[in-house]
Amino acid sequence: MRCLGEIERGIILSRPAENDLEETAINAPSNVEPVDSTTRAARAAEPLPLPSWQNAVQNAVRDVAELAALLELPPAALAPLGEPDFPLLVPRGFVARMGKRDLDDPLLRQIWPQRAERDTVVGFTSDPVREQGLAADGVIQKYPHRALLIASGACPVHCRYCFRRSFPYQTQLAARGDWSEAIETLRGLPAVKEVILSGGDPLSLSNRRLGELAAKLEALPVETLRIHTRYPIVVPERVDAGLLDVLGRTRLRTVVVVHCNHPNELDGAVAAALLALRGRTAALLNQAVLLRGVNDNPDTLAALSERLFACGTLPYYLHLLDPVAGAAHFDVDERTGRDLVAQIRARLPGYLVPRLVRETPSELSKTLIA
């Protein structure tokens with residue numbers, strides 16, 4: 001059964017399109033006996049199997065005690081917060097990349113609801129980049145010639161440092177009304193040449209819905225479609241034939257920006273997904289967040305860049321933490337960030353050194369730090 005909250009937040013559980021069903025019937029073997037109407041009705045009432053990537057999200061770990069058991073940690077080791085406003089959500093495939101019996105595992109630290117999230121820290125707010133007031137019909141325009149669509153409020157993983165963990169998805173979702181209000185808003189912005197799909201995670205939408213949206217954008221004076229996603233990293237099964245077809249079919253130049261913070265996130269399945277995407281996109285880039293206790297050392301950052309490059313992906317941005325409430329324990333100061341980038345610049349070619357940036361409210365672009 002579909003969860004109403006999931007539908008409202010943009011999870012569209014995919015089913016075969018009408019043409020897919022017709023094609024199946026046409027190509028059926030001639031020796032198959034006819035199916036009577038009662039049997040056909042019974043089959044139609046059965047729930048359709050979900051694609052593997054949707055199964056991965058549906059079966060994700062949502063309980064801290066279960067996570068502790070999977071990682072062979074004492075039951076009380078992860079010290080649950082009770083019922084956090086931003087609950088635990090992590091796919092089992094991502095958990096499998098974590099080290100056992102290690103509370104300091106860098107992947108675990110990104111998704112574990114720690115008690116430090118309850119601390120009130122001056123300067124850390126629910127709207128750290130002050131974008132909620134800019135949203136209209138699920139469209140946010142912060143920069144000239146670019147507009148961002150909140151395509152979905154759903155994510156395959158809840159990263160504890162997420163700057164949109166308190167975003168009002170209920171009222172700001174571009175998918176509402178079959179995208180009609182968002183498309184009309186974009187139509188009133190003729191200078192926009194690039195549309196960025198964000199969320200949540202836009203790849204929470206089915207391939208059918210993504211294809212429909214791309215077709216609507218093609219009718220506008222838009223040249224580039226950029227997709228910001230964590231799916232290929234945490235649920236690599238999402239990069240399926242249907243998604244690759246959508247990306248290869250559109251006239252829009254397609255840029256995919258993935259989000260990976262640590263080289264341990266990049267296993268063989270992720271590498272295969274990224275290389276498949278590389279063959280269907282104009283550019284495949286990565287943006288990471290500099291996180292204390294996760295990647296705040298030069299060896300990790302250098303290894304991340306090298307591993308990404310081996311997967312056909314170029315390091316793009318290394319973000320200083322957006323000061324979102326509940327994430328202060330991840331903060332790395334600007335001076336340390338500069339030093340880290342200087343150290344990896346000394347050992348890697350320039351194309352493997354990400355730009356250290358900060359998102360500054362009301363600025364026309366990201367602030368380049370190093």
Side-chain angles (χ1 to χ4, degrees), residues 94 97-99 102 104-111 157 159 161-163 196 224 226-234 236 239 253-322 327 330-360 363 365-370:
F94 196 72
R97 295 171 233 166
M98 298 176 188
D102 184 5
D104 292 322
D105 181 87
L107 277 58
L108 172 62
R109 290 182 63 84
Q110 294 180 58
I111 58 86
V157 63
C159 302
Y161 51 87
C162 178
F163 71 97
I196 303 165
T224 302
R226 194 195 318 175
I227 300 173
H228 285 192
T229 179
R230 189 126 161 85
Y231 258 102
I233 306 300
V234 299
V239 183
R253 289 192 300 267
T254 305
V255 177
V256 173
V257 182
V258 297
H259 174 192
C260 179
N261 296 316
H262 195 280
N264 290 359
E265 299 176 42
L266 298 167
D267 65 3
V270 175
L274 293 175
L275 289 169
L277 282 173
R278 184 67 189 92
R280 296 298 179 95
T281 57
L284 180 60
L285 309 171
N286 182 67
Q287 56 182 358
V289 180
L290 185 59
L291 301 168
R292 186 197 304 171
V294 174
N295 58 10
D296 56 335
N297 69 79
D299 291 339
T300 298
L301 291 173
L304 175 61
S305 286
E306 291 174 326
R307 179 65 176 145
L308 284 166
F309 186 57
C311 298
T313 308
L314 283 177
Y316 177 41
Y317 280 145
L318 178 62
H319 290 264
L320 291 174
L321 182 74
D322 292 319
F330 286 116
D331 195 30
V332 177
D333 64 85
E334 184 176 309
R335 179 177 177 178
T336 299
R338 287 178 184 273
D339 290 344
L340 287 168
V341 170
Q343 290 180 68
I344 61 173
R345 184 174 286 123
R347 68 169 77 175
L348 296 179
Y351 57 84
L352 291 187
V353 180
R355 289 174 284 181
L356 182 68
V357 296
R358 182 189 296 281
E359 183 83 17
T360 304
E363 292 294 326
S365 64
K366 289 179 173 58
T367 302
L368 181 63
I369 306 298

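Throughout, residue positions are numbered sequentially from 1 according to the sequence presented.
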Item to check | Residue pair L304, H262: steps toward the side-chain contact (heavy atoms from CB on, under 4.5 Å) verdict | outcome: CA-CA 6 Å; L304 175 61; H262 195 280; 5.8 Å; no
Checklist entry - side-chain contact (heavy atoms from CB on, under 4.5 Å) between E334 and I369: does it pass, once the steps are laid out? => result CA-CA 8 Å; E334 184 176 309; I369 306 298; 3.5 Å; yes
Checklist entry - Should L266 and I233 be marked as a side-chain contact (heavy atoms from CB on, under 4.5 Å) after you check the CA-CA gap, both sets of side-chain angles, and the distance that decides it? => result CA-CA 7 Å; L266 298 167; I233 306 300; 4.0 Å; yes
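With a 4.5 Å cut-off on side-chain heavy atoms, P263 and T300 count as touching. Between V257 and I227, the closest side-chain pair of non-hydrogen atoms is not below 4.5 Å. Contact annotation: the side chain of L108 never approaches that of D102 to less than 4.5 Å [non-hydrogen atoms, C-beta and beyond]. Under the 4.5 Å side-chain criterion, counting only non-hydrogen atoms from C-beta, V353 is in contact with V341.
To the nearest 0.5 Å, the span separating CD on Q343 from CG on L301 amounts to 9.5 Å. The CG atom of D333 sits 8.5 Å away from the CG atom of L320 when rounded to the nearest 0.5 Å. Atom OG1 of residue T254 and atom CZ of residue R226 lie 12.5 Å apart, to the nearest 0.5 angstrom. With rounding to the nearest 0.5 Å, the separation of CZ in R358 from OG1 in T367 is 8.0 Å. Considering CG of L318 and CG of L340, their distance stands at 8.0 Å, rounded to 0.5 Å. In this structure, CG on L352 lies 9.0 Å from CD1 on I344, to the nearest 0.5 angstrom.
Of all the heavy atoms in V332 and G337, the pair that sits closest is CG1-N, 4.4 Å. Nearest heavy atom pair, residue R345 against residue A370, reads NH2-C, 3.9 Å. In plain terms, the two heavy atoms of R347 and D299 that are nearest each other are NH1-OD1, 2.9 Å. Shown here for R109 and G293, the closest heavy-atom pair between the two residues is CD-O, 3.2 Å. The shortest heavy-atom contact between R338 and L356 is N-CD2, 3.6 Å. The nearest pair of heavy atoms linking L348 to A302 is CD1-CA, 3.8 Å.
Checking each of D296, L291, N297 against V294 for a side chain to side chain contact (heavy atoms under 4.5 Å, CB included) leaves exactly one that passes, namely L291.
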Pairs of donor and acceptor atoms involving the side chains of residues 270-289, under 3.5 Å and at least two apart or interchain, shall be tabulated with distances.
from	atom 1	to	atom 2	distance (Å)
R278	NH1	T281	O	3.3
R280	NH1	L244	O	2.7
T281	OG1	L277	O	3.0
N286	OD1	C260	N	2.8
N286	ND2	C260	O	3.1
Q287	OE1	H319	NE2	3.0

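In summary, R97 and E265 do not engage in a salt bridge, as defined by a charged side-chain N under 4.0 Å from a carboxylate O.
Put simply, the side chain of N295 gets close to the backbone of N261: a donor and an acceptor are under 3.5 Å apart.
Counted by atom type alone, T336 and D339 present zero donor-acceptor pairs between their side chains at under 3.5 Å.
Aromatic ring pairs are classed by plane angle as parallel below 30°, tilted from 30° to 60° and perpendicular above 60°; the pair H259 and Y161 is perpendicular.
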